[in-house]
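Below is one structure; the comments refer to it alone.
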Amino acid sequence: DAKTTQPPSMDCAEGRAANLPCNHSTISGNEYVYWYRQIHSQGPQYIIHGLKNNETNEMASLIITEDRKSSTLILPHATLRDTAVYYCIVRGSNTGKLIFGQGTTLQVKP
Amino acid sequence: AAGVIQSPRHLIKEKRETATLKCYPIPRHDTVYWYQQGPGQDPQFLISFYEKMQSDKGSIPDRFSAQQFSDYHSELNMSSLELGDSALYFCASSSGTPAYEQYFGPGTRLTVT
């Protein structure tokens, strides 16, 4: 599975959009980009995933660059409850395991 | 909606003892994953099962074993416990494998003294 690189921490003002970047320059053609988050020692929570196209669901949007070497998770209106560690994970289509990297600690401030 | 159930939620054991962690997946989910998260660390994949067969294996110590039963619940057995085994153990379930979304349980906090 491709290695990902994320900034260790970010701050965001409550109500503003949070943009979390992820680099995955060695991603292969059949590998998906997944985002999970973990709120203080709770079980990780799935957010969104994508292959090539941009994706949006009720939680977030995922923007993947055309060369697929990087992506950005967007939380459109961050709340205090979005404070968590956000993991960008690249996973192939033939395996179910998730390989968690360092992740980005997002702190949403009032 | 029903979620993944893990028991016990907290467990305290002494070195060299044995521990058994249980995981009850979401109804109709046939795949179970186990992850270990040490203090201040990121979750690490241990092992997974699909339809009661081991489907993938990570960095699981030989002292650990796991299985998935006919009702799809899973148990992680840990023997000769060491201080370094103190961690949060998460179970996740999904429908099929590989599945887009894994649903994680609340975890079992194991403390080895």
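Below, chains carry the letters A, B, ... as their sequence lines are ordered, and counting in each starts from 1.
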>> As an exercise: rank B/L88, B/I47, B/D42 by heavy-atom pairs under 4.5 Å with chain A and give me the winner.
In response: B/D42
What part of [X] is in contact with chain A, defined as an atom under 4.5 angstrom from a non-hydrogen atom: side chain, backbone, both or neither?
X      : value
B/Q37  : side chain
B/D56  : side chain
B/Y103 : neither

Check: [X]/[Y] side-chain N/O donor and acceptor closer than 3.5 Å:
X     : Y     : value
B/Y33 : B/S94 : yes
B/E51 : B/Y72 : yes
B/S55 : B/S48 : yes

> Do B/K13 and B/D85 pass the salt bridge (charged side-chain N to carboxylate O under 4.0 Å, His left out) test, and can you show the C-alpha distance, the side-chain angles, and the key distance before you say yes or no?
Replying inline: CA-CA 10 Å; B/K13 291 286 186 178; B/D85 296 329; over 6 Å; no
